[in-house]
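What follows is one structure encoded as structure tokens, with my remarks underneath.
Each chain gets a letter, A, B and so on, in the order the sequences are listed, and its residues count up from 1.
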Protein chains: 2
Amino acid sequence: MANRFISKLNGYAPLGKADIAVLEAATAKPRDYPAKFDLIREGDRPGPVFVMLEGWACRYKILPNGTRQVLAFLMPGDSCDLHIGLLAEMDHSIQTLVPSVVATIPRAEMDAIMDGHRAIAKAMYVGQLIDEGTMRAWITSMGRRASIERVAHLMCELYIRARAIGAADERQLALPLSQLVLADALGMTPVHLNRVLKELRLKGAMTLKRGSLVVTDPSKLVQIAGFDDNYLHRRLRTAA
Amino acid sequence: MANRFISKLNGYAPLGKADIAVLEAATAKPRDYPAKFDLIREGDRPGPVFVMLEGWACRYKILPNGTRQVLAFLMPGDSCDLHIGLLAEMDHSIQTLVPSVVATIPRAEMDAIMDGHRAIAKAMYVGQLIDEGTMRAWITSMGRRASIERVAHLMCELYIRARAIGAADERQLALPLSQLVLADALGMTPVHLNRVLKELRLKGAMTLKRGSLVVTDPSKLVQIAGFDDNYLHRRLRTAA
DNA sequence: CGACATTTTGATCTAGGTCAACAAAAGTGG
DNA sequence: CCACTTTTGTTGACCTAGATCAAAATGTCG
């Protein structure tokens, strides 16, 4: 398969040769971006559809009091903001976390592709549904899970997602996210996150080192998280 | 306009006579449901598209430890789960909060309608984008706002949404949500919510009585919430 | 009226925040 | 390649927002 975007979509709905060819053409000229580069900012007019081919990015929002909330992580294969061109302006920003390779598909082209290729449209909708499920899981985590459960839950999510795109092996996963960024995603303090990570390490569930996550004891991690992969299940079952 | 669903969609994308007629037909035979009735449960195969015509409902999830997280409120005009038929099972439940009138549109019919009526498709997509923006606002609230800000923010959201469908007057809004349900939506304890409501009342920002919200001082409420209606703005600008 | 659900208040406790300092990496410029 | 600044991670001491527990007051409805 040409790239992770295509293979991810193919996992959601089987694509034909023509589908793959048109997606290859659309993502043929990606650009390199440095780390901490805003692909688009809150208040901007929505532009093209972004497709992450390599690297990591996050959606985030800055609050009046200066704090930041990370809303989602984007990893290779992920795309964003289907249809968002219908809205007047972005309600959040998207920033690379590490040097990344990103393709952009103009809105009109994306619409045309989806009109002409039902399988692609279907796969994109599945992807969007999964993203929505992920958002619901985040709301649930923030509202009703203790900090250690929340951390464990996010790590389960990232591990499963990475597995699904073949970016993780049995126990290990490259995870270039600083504790500061993770804390902003989890709605907690970097200091407290650090302590929670220590606790998870001492419990033998997982170890987060600079740049990589080692899942020492998957079942223990899942149990701490109260993780139910229903919202990601389909991804697992059908991903290539 | 025939019903709030149609007038809401018409606010998102101008509908023609034929569009309106087909929507009228599709929602012509709604059903009455009592309060606390599960329209669909976590684990169920997704069924038809639900359209709230009268009443209130919420999406929610029950956690292993028995606590509940409310994920969204549905008010008249709201519909849910476009495309969700593509997924194997629901990752959350939807329950009426008061006796409600709900129309169901079979998935195949909805697809056909959207294929044949681009304006309706567009309006549905706008609605979905707004719902996504709302979810992002909830994540932000849960992660980075203090409890009083969070409460104020949710009340702003509900007020604006109610205004947009003509269900609120200048300062008042029928809001049949118990403090228990609100607490489950805000990720806090009913006890603490009660104290926060008292504080908001004493500050002269708003009063929540049984079944109705009175916004005493809108600008104060907005200021406490740090409310930026960008994510609902389009709804306001374009709603009828 | 009686049973039950919701709201309100008080007393106490704790998870997680805040503040501060230091250590370890990782850039950066000469 | 080395000082040097900046970012990231780690730990300790202390504090507070919000949870928990308990009980009374108020509403609602069959």
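- Looking only at distances, no side-chain donor or acceptor of B:Asp44 sits under 3.5 Å from a matching main-chain atom of B:Pro46.
- A side chain to side chain contact (heavy atoms under 4.5 Å, CB included) with B:Tyr33 is found for exactly one of B:Val98, B:Thr96, B:Asp38, namely B:Thr96.
- A:Gly211 comes within 4.0 angstrom of no nucleic acid atom, judged by non-hydrogen atoms across all strands.
- Residue A:Lys198 contributes atom NZ, which lies 22 Å from atom P of D:dT8 at whole-angstrom precision.
- Boundaries of the chain B contact region on DNA chain C are C:dT6 to C:dA11, first to last in 5' to 3' order (nucleotide atom under 4.0 Å from a heavy atom).
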One pair to check against side-chain contact (heavy atoms from CB on, under 4.5 Å): B:Arg145 and B:His153. What are the steps and the verdict? CA-CA 9 Å; B:Arg145 274 189 259 261; B:His153 201 273; 3.3 Å; yes
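- For the pair B:Arg145 and A:Ser178, nearest-nucleotide mapping onto DNA chain D gives the more 5' position to A:Ser178.
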Kindly indicate, with the supporting measurements, whether the criterion side-chain hydrogen bond (donor to acceptor under 3.5 Å, both in side chains) is fulfilled by B:Asp32 and B:Ser100. CA-CA 6 Å; B:Asp32 287 296; B:Ser100 302; over 6 Å; no
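- The separation between A:Leu97 atom CG and D:dT8 atom P is 11 Å, rounded to whole Å.
- Listed by first then second residue, pairs satisfying ring-ring contact (aromatic ring centres under 6.0 Å, His included) with a partner in residues 167-225 of chain A number zero, not counting sequence neighbours.
- Residue B:Lys209 is out of contact with every strand shown, counting any heavy-atom pair closer than 4.0 Å.
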Report, one pair per line, the protein and nucleotides 20-23 of chain D atoms (nitrogen or oxygen only) whose separation is under 3.5 Å.
unit_1 : atom_1 : unit_2   : atom_2 : d
D:dT20 : O4     : B:Arg195 : NH2    : 3.2

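- Computed from coordinates, the B:Arg210 CZ to D:dC29 C1' distance equals 12 Å when rounded to whole Å.
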Set out, in order, the CA-CA distance, both residues' side-chain angles and the distance that settles salt bridge (Lys or Arg N to Asp or Glu O under 4.0 Å) for A:Glu199 and A:Arg195, then state yes or no. CA-CA 6 Å; A:Glu199 199 179 339; A:Arg195 291 191 234 265; over 6 Å; no
Please assess B:Asp91 against B:Lys61 for the test salt bridge (Lys or Arg N to Asp or Glu O under 4.0 Å), listing each intermediate value before the final yes or no. CA-CA 8 Å; B:Asp91 63 4; B:Lys61 222 171 152 77; 5.1 Å; no
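- When every heavy atom of A:Val51 is checked against every heavy atom of A:Ser79, the shortest pair comes out as CG2-CB, 4.1 Å.
- If you measure from atom CG of B:Leu197 to atom P of D:dG18, you get 13 Å, rounded to the nearest angstrom.
- Without hydrogens or angle criteria, B:Gln172 side chain to B:Asp169 main chain gives no donor-acceptor distance under 3.5 Å.
- Nucleotide D:dG18 holds its P atom 16 Å from the CD atom of B:Gln179, rounded to whole Å.
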